[in-house]
Amino acid sequence: MSLSMGACPHAWQQHHLHHRGRMWAASPAFRRQLFLLRSLAPTCADGGRASSSSLRPHLMYAAAGPVYEADAEAVVRRITPPLDRARHKGQAGKIAIIGGCREYTGAPYFAAISALRVGADLSHVFCTKDAATVIKSYSPELIVHPILEESYSVRDDERESVSSSILAEVIKWMERFDCIVVGPGLGRDSFLMDCVGNIMRHARQANIPTVVDGDGLFLITNNIGLVEDNSLAILTPNVYEYKRLVQKVLNCEVNEENASEQLTALCQKIGGVTIMRKGKADLISDGKKVTQVSTFGSPRRCGGQGDILSGSVAVFSSWARHFLLSNEQPKETSVNPMVLGCIAGSLLLRKAAALAFEKNKRSTVTTDIIEFLGQSLEDICPAGR
Ligand SMILES: NC(=O)C1=CN([C@@H]2O[C@H](COP(=O)(O)OP(=O)(O)OC[C@H]3O[C@@H](n4cnc5c(N)ncnc54)[C@H](OP(=O)(O)O)[C@@H]3O)[C@@H](O)[C@H]2O)[C@@H](O)CC1
Ligand SMILES: Nc1ncnc2c1ncn2[C@@H]1O[C@H](COP(=O)(O)OP(=O)(O)OP(=O)(O)O)[C@@H](O)[C@H]1O
Ligand SMILES: [Mg+2]
């Protein structure tokens with residue numbers, strides 16, 4: 001299902017938005033709630049929790065540029081579609097993960113199952129043949145396409161034809177997706193990277209929003225043209241991935257004291273993309289302003305939490321896009337659905353991580369966090385509302 005501007009293809013949009021959205025769009029609270037941001041005073045950059053001197057470096061960098069704390073719960077409430085009996089399968093979202101190779105099968109699984117647990121109807125994984133059986137065995141819920149190939153399995157003289165048939169296979173499905181996530185557990189094989197670059201180019205031509213994470217960020221850091229000027233691209237770098245992006249695009253080192261200006265400059269230099277810089281607080285920008293989500297999650301830093309985030313952001317940004325396309329926005333507001341998706345994904349992951357840690361303490365792993373995605377969303381936005 002692809003989106004056409006002005007069309008309202010979803011039953012949930014019609015019910016939800018026509019009954020509530022129109023009044024809402026006209027109300028003075030619209031700007032307050034859709035901007036959903038409040039300016040942070042330098043002394044409360046972490047939501048007022050910082051009192052110890054060990055937190056001062058964070059306060060300093062937040063103080064160096066304007067950073068807005070998102071009213072993330074309000075964002076989640078607004079963009080999450082109500083459950084409606086009139087809806088049919090697919091209307092709450094169809095997501096695809098491009099990732100999964102010999103080494104990494106967990107990452108694409110975490111991203112794909114998180115998309116389902118947040119509320120998408122269908123979640124696909126496009127991975128290598130080696131990874132496919134393993135990923136299928138984790139969950140019968142996922143639709144797994146064993147189509148990608150790594151260099152070791154392709155002869156030199158076959159490369160062109162294999163590359164074309166991989167692209168043709170993905171193209172068959174592409175138009176149906178509301179969002180794709182490129183990179184969780186993709187690996188860095190050169191042939192695979194070339195094929196995925198072609199898939200990204202096609203997604204862009206088809207106007208499919210694209211979250212770029214993990215090894216997808218390795219790919220685009222070396223081929224920045226793949227996301228340049230693409231307002232439907234979201235990059236979700238962790239600390240190392242961000243460092244590599246800054247070095248490559250801005251030709252300098254990460255500067256913590258100037259974090260918000262540097263993030264803004266990075267978005268502007270790439271042009272139009274939304275970046276969520278993950279860390280103690282998630283900093284989100286589309287080059288216009290910088291928003292943060294600093295709700296405390298968990299002190300456990302087990303691998304895979306970024307994968308939950310990328311799958312969740314894919315769903316929320318699709319929901320935000322549908323929501324905004326179906327609402328008349330006052331001219332003076334320009335809300336970026338990609339930014340709203342990042343804000344919502346960040347909050348949900350952090351809330352789920354907090355609940356999982358409360359239960360499992362030091363033994364908390366990513367699977368435990370995924371189990372709490374549902375409760376976290378229910379706490380903010382009850383299914384029966
Ligand atoms: N269960 C699974 O299947 C999972 C699979 N995953 C998948 O793995 C793939 C790679 O993702 P990634 O996040 O591990 O890769 P990347 O950011 O390169 O860091 C790798 C390590 O290198 C190091 N390091 C790197 N740069 C550094 C620097 N400048 N300065 C210092 N150290 C630096 C650092 O380790 P350290 O040196 O601290 O031991 C860092 O931890 C990707 O496809 C992803 O999706 C994950 O999602 C997790 C769950
Ligand atoms: N120091 C921290 N304190 C609190 N939360 C953090 C911290 N570092 C990261 N996070 C949160 O954990 C989530 C995942 O970020 P992380 O940096 O672990 O991603 P990642 O390295 O890509 O993960 P993955 O292992 O899935 O690849 C983000 O929501 C981020 O905000
Ligand atoms: Mg990652």
Side-chain angles (χ1 to χ4, degrees), residues 46-47 49-50 54-55 57-58 61 70 72 97-114 125 127-128 130-131 134-135 138 148 150 181-189 192-193 196 211-222 234-248 253-254 256 259 275-284 291-313 316 341-354 356-357 364-367 369-370 373 376:
D46 71 340
R49 279 188 308 281
S54 66
L55 294 182
H58 175 69
Y61 88 68
I97 314 298
I98 316 288
C101 64
R102 269 205 296 196
E103 284 87 357
Y104 306 121
T105 54
Y109 163 75
F110 293 144
I113 203 76
S114 298
V125 177
C127 59
T128 67
D130 301 316
V134 181
I135 296 171
Y138 295 152
L148 301 180
E150 293 183 76
V181 182
V182 175
L186 189 61
R188 294 178 186 177
D189 176 79
L192 189 62
M193 292 269 118
V196 174
V211 178
V212 187
D213 186 39
D215 296 317
L217 289 164
F218 181 82
L219 169 64
I220 65 106
T221 299
N222 298 315
I234 299 175
L235 317 184
T236 56
N238 66 15
V239 62
Y240 310 116
E241 291 152 352
Y242 188 71
K243 184 181 161 87
R244 290 192 283 263
L245 257 181
V246 167
Q247 286 170 338
K248 187 76 180 200
E253 293 302 321
V254 173
E256 295 298 351
I275 300 179
M276 170 154 58
R277 179 191 172 178
K278 296 178 288 193
K280 191 161 143 271
D282 290 329
L283 290 186
I284 300 153
T291 309
Q292 72 171 13
V293 176
S294 65
T295 304
F296 185 67
S298 147
R300 279 279 285 140
R301 300 264 60 80
C302 52
Q305 294 182 65
D307 305 318
I308 299 180
L309 189 63
S310 61
S312 308
V313 166
F316 280 121
C342 290
I343 292 171
S346 173
L347 178 72
L348 199 73
L349 165 65
R350 283 162 178 259
K351 283 197 164 287
F357 183 75
T364 306
V365 292
T366 297
T367 313
I369 300 173
I370 291 169
L373 286 172
S376 304

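For the single chain, residues carry numbers from 1 onward in sequence order. Indexing begins at 1, ligand by ligand and atom by atom, following the structure's order.
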I'd like to check whether [X] has a polar contact with ligand 1, where a contact means an N/O of the residue lying under 3.5 Å from an N/O of the ligand.
X	answer
Gly303	no
Lys243	no
Pro184	no

Measure the distances from the heavy atoms of [X] to every atom of ligand 1 and state whether one is below 4.0 angstrom.
X	result
Gly183	yes
Arg188	yes
Arg244	yes

For [atom], is the nearest protein heavy atom closer than 4.0 Å?
atom	result
atom 49 (C) of ligand 1	yes
atom 11 (O) of ligand 1	no
atom 3 (N) of ligand 2	yes
atom 14 (O) of ligand 1	no
atom 37 (O) of ligand 1	no

For ligand 1, is any non-hydrogen atom under 4.0 Å from Asn238's backbone (N, CA, C, O), its side chain (CB onward), both, or neither?
side chain

Determine whether Leu309 and Met276 make a side-chain contact, defined as any pair of heavy atoms from C-beta on separated by less than 4.5 Å.
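They are in side-chain contact.
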
Are the side chains of Leu245 and Ile220 in touch, meaning some heavy atoms are under 4.5 Å apart?
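Yes; the side chains approach each other to less than 4.5 Å.
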
Quick check: Leu349 and ligand 2, any N/O pair under 3.5 Å apart?
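Not met; the criterion fails.
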
Would you check whether Asp282 has a nitrogen or oxygen atom less than 3.5 angstrom from a nitrogen or oxygen atom of ligand 2?
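Yes, at least one N or O pair falls under 3.5 Å.
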
Who gets closest to atom 10 (N) of ligand 2 by heavy atom: Gln292, Lys278, Arg301?
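Of the listed residues, Arg301 has the closest heavy atom.
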
Options Gly187, Gly185, Gly214, Pro108, ranked by nearest heavy atom to atom 45 (O) of ligand 1, top entry
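It is Gly185 whose heavy atom sits nearest to atom 45 (O) of ligand 1.
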
Identify the protein heavy atom lying closest to [atom], giving its residue, its atom name and the separation to 0.1 Å.
atom	answer
atom 21 (O) of ligand 2	Asn238 ND2, 2.9 Å
atom 24 (P) of ligand 2	Gly304 N, 3.4 Å
atom 6 (N) of ligand 1	Ala107 CB, 3.8 Å
atom 41 (O) of ligand 1	Tyr240 CE1, 3.4 Å
atom 23 (O) of ligand 2	Gly306 N, 3.2 Å

For ligand 2, which part of Asp307 has a heavy atom less than 4.0 Å away: the side chain, the backbone, both, or neither?
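Contact part for Asp307 vs ligand 2: both backbone and side chain.
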
Side chain or backbone of Leu309 under 4.0 Å from ligand 2, or both, or neither, by non-hydrogen atoms?
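For Leu309, only side-chain atoms sit under 4.0 Å from ligand 2.
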
Using a 4.0 Å cutoff against the non-hydrogen atoms of Gly303, which atoms of ligand 2 qualify?
25 (O)

Ligand-side contact atoms (ligand 2) for residue partner Gln305, heavy atom cut-off under 4.0 Å
14 (C), 26 (O)

Grab the two heavy atoms, one from Ala111 and one from Ile97, that are nearest each other, plus how far apart they are.
CB-CD1, 3.8 Å

